[in-house]
Amino acid sequence: MMFQFFYPSEYVNSAYEIDYEAFHEAGYRAVIFDIDNTLVPHGAPSDERSRALIARLRALGMQVFLLSNNKEERVRKFDDGQQIPFIHKAGKPSRKNYRKAMEYMGTNCSDTLFVGDQLFTDVWGAKRTGMYHILVKPMNPKEEIQIVLKRKLEWIVLREYLKKTGNENAGTAKNDKKRGKKQKK
C-alpha cells in the first residue's frame, strides 16, 4: 500500500511511443519532459529523434517544457537552439517547479502531461502536483552511481505496481486503458 504513492499514471517503453495525438484530442495542451534517459541517453545532446518529437508536438499545438535536476549547462546542451523553455536544478520531486512550468505556459494540471524516467523524482513530483504522468524505461543503463542505487529501490516499487495493475503490457508500446484520458481527481 505504501508504494502506491510512487505509482505512475502509466508506464511505457519510451517517450517516443506515447500517443501524443490522443492526449491532444483529450484536451492536453502541454508536455513537460525530463531530459536524461527520457529523451536522450544521460548527458547526450538532442538528436534527430528528440528534435522530431518536439517539432511534432509543436505542430499539434502543444507546448513543450524541460524540467531537469541538472545544471543549466547540461540543459542548454540539450536545447541547442530549439528554444524550449526550461528550469534547471528543478529540485524534483518538489512541486514548486512543476507549478512554475505550468504557470509559464499558462496551463494547469488538467491539461499538462509529464514524462520522465525516474519514480522517486519525476513521477513522485508530478503525482504530488496532481498531473497525469508517464514513466518511461530509462534509455541507457549507464548512469551516475546515486541513480543506479535509486533504480534498485525503484524496481521494488515498479514490481509491486506491475503486480497490482496486472498489466502485463506495462512498459510496452501497447495502449493502456488510461492512455489519452484525463486523470480523475
Side-chain angles (χ1 to χ4, degrees), residues 6-42 44-69 75 78-79 82 84-87 90 92-93 98 101-102 105 107-141 151 154 157-158 161-162 165-185:
F6 299 105
Y7 289 174
S9 301
E10 190 173 334
Y11 175 51
V12 299
N13 269 335
S14 167
Y16 299 101
E17 296 177 358
I18 296 169
D19 186 350
Y20 296 101
E21 289 76 9
F23 279 101
H24 185 265
E25 286 176 26
Y28 287 85
R29 297 296 175 254
V31 183
I32 301 174
F33 285 105
D34 174 54
I35 300 170
D36 286 324
N37 268 335
T38 297
L39 293 172
V40 292
H42 187 79
S46 59
D47 57 17
E48 273 187 48
R49 188 164 69 156
S50 63
R51 287 178 176 275
L53 176 58
I54 302 303
R56 175 177 147 208
L57 291 168
R58 287 176 168 166
L60 275 173
M62 294 180 84
Q63 296 183 73
V64 177
F65 199 98
L66 303 174
L67 192 62
S68 176
N69 283 348
V75 182
F78 175 84
D79 179 60
Q82 295 177 87
I84 305 168
F86 66 85
I87 296 174
K92 294 180 287 182
Y98 291 86
M102 288 184 286
M105 295 185 291
T107 62
N108 58 54
C109 290
S110 67
D111 62 3
T112 307
L113 169 68
F114 182 86
V115 180
D117 71 300
Q118 292 188 51
L119 279 174
F120 298 148
T121 53
D122 300 328
V123 166
W124 189 28
K127 186 169 190 163
R128 292 175 61 227
T129 305
M131 305 171 66
Y132 192 90
H133 45 284
I134 299 177
L135 176 68
V136 297
K137 286 185 177 179
M139 297 180 83
N140 188 335
R151 294 277 186 214
E154 284 183 351
V157 175
L158 193 54
Y161 164 79
L162 293 172
T165 61
N167 186 355
E168 59 215 41
N169 295 323
T172 70
K174 294 183 181 178
N175 282 343
D176 169 298
K177 289 181 183 175
K178 294 180 186 175
R179 180 165 293 167
K181 295 182 182 172
K182 288 189 179 181
Q183 181 177 3
K184 302 268 191 238
K185 292 189 178 174

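Numbering starts at 1 and runs along the sequence shown. Every value quoted in this text rests on a predicted model; they were computed, and no experiment measured them.
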Completion exercise
dist Met62:CE -> Met105:CE (nearest 0.5 Å) comes out at 9.5 Å
Practice task
For Val136 and Tyr11, work out which heavy atoms get closest and say how close.
Solution key: C-CE1, 4.4 Å
Practice task
In sequence, state the C-alpha distance, the side-chain angles, and the governing distance for Phe86 and Phe78, and then conclude on ring pair (Phe, Tyr, Trp, His ring centres under 6.0 Å).
Solution key: CA-CA 11 Å; Phe86 66 85; Phe78 175 84; 10.0 Å; no
Handout entry: Tyr7 and Val123, any side-chain heavy atoms less than 4.5 Å apart
Key = no
Practice task
Check whether any side-chain heavy atom of Asp79 sits under 4.5 Å from a side-chain heavy atom of Ser46, and report yes or no.
Solution key: no
Handout entry: Which atom of Ile87 lies closest to which atom of Ala101, heavy atoms considered
Key = CD1-N, 4.1 Å
Practice task
For the residue pair Gln63 and Thr107, establish whether any side-chain heavy-atom pair is separated by less than 4.5 Å.
Solution key: yes
Handout entry: From CD1 (Ile18) to CD (Glu10), nearest 0.5 Å
Key = 7.0 Å
Exercise for the section: Look only at the side chain of Arg29 and the backbone of His24, and say whether a donor-acceptor pair between them is shorter than 3.5 Å. Expected result: yes
Problem - Residue pair Gln118 / Trp124, side-chain heavy-atom distance below 4.5 Å - result: no
Practice task
Locate the shortest heavy-atom distance separating Ser110 from Asn108; write the atom from each residue and the value.
Solution key: OG-OD1, 2.5 Å
Problem - Among Val31, Thr129, Ile32, the one residue meeting side-chain contact (heavy atoms from CB on, under 4.5 Å) with Thr112 - result: Ile32
Practice task
State whether Asp122 and Lys92 are salt-bridged, where the test is any N-O pair (Lys NZ or Arg NE/NH1/NH2 against Asp/Glu carboxylate O) under 4.0 Å.
Solution key: yes
Problem - Aromatic ring proximity, centroids under 6.0 angstrom, Tyr98 and Phe114 - result: yes
Exercise for the section: Could you tell me whether the side chain of Lys127 and the main chain of His133 form a donor-acceptor pair under 3.5 Å? Expected result: no
Handout entry: Distance-minimising heavy-atom pair for Val64 and Ile84
Key = O-CG2, 3.7 Å
Fill in the blank from the handout: Taken to the nearest 0.5 Å, the spacing of Ser68 OG from Asp34 CG works out to 6.0 Å
Fill in the blank from the handout: Rounded to the nearest 0.5 Å, the CZ atom of Phe65 sits from the CG atom of Leu67 at a distance of 7.0 Å
Handout entry: Face-on cation placement of Arg56 at Tyr20 ring, 6.0 Å and 45° thresholds
Key = no
Fill in the blank from the handout: Tightest non-hydrogen contact, residues Gln82 and Arg51, listed as CG-NH1, 3.2 Å
Exercise for the section: Quick one: do Lys137 and Ser14 satisfy side chain to side chain contact (heavy atoms under 4.5 Å, CB included)? Show the steps, please. Expected result: CA-CA 6 Å; Lys137 286 185 177 179; Ser14 167; over 6 Å; no
Problem - Interatomic spacing from CE in Met131 to CG in Leu113 - rounded to 0.5 Å - result: 7.0 Å
Problem - Where Ser50 and Leu39 come nearest, the two heavy atoms and their spacing - result: CB-O, 4.2 Å
Completion exercise
Rounded to the nearest 0.5 angstrom, the CD1-CD distance for Ile134 and Glu17 is 11.5 Å
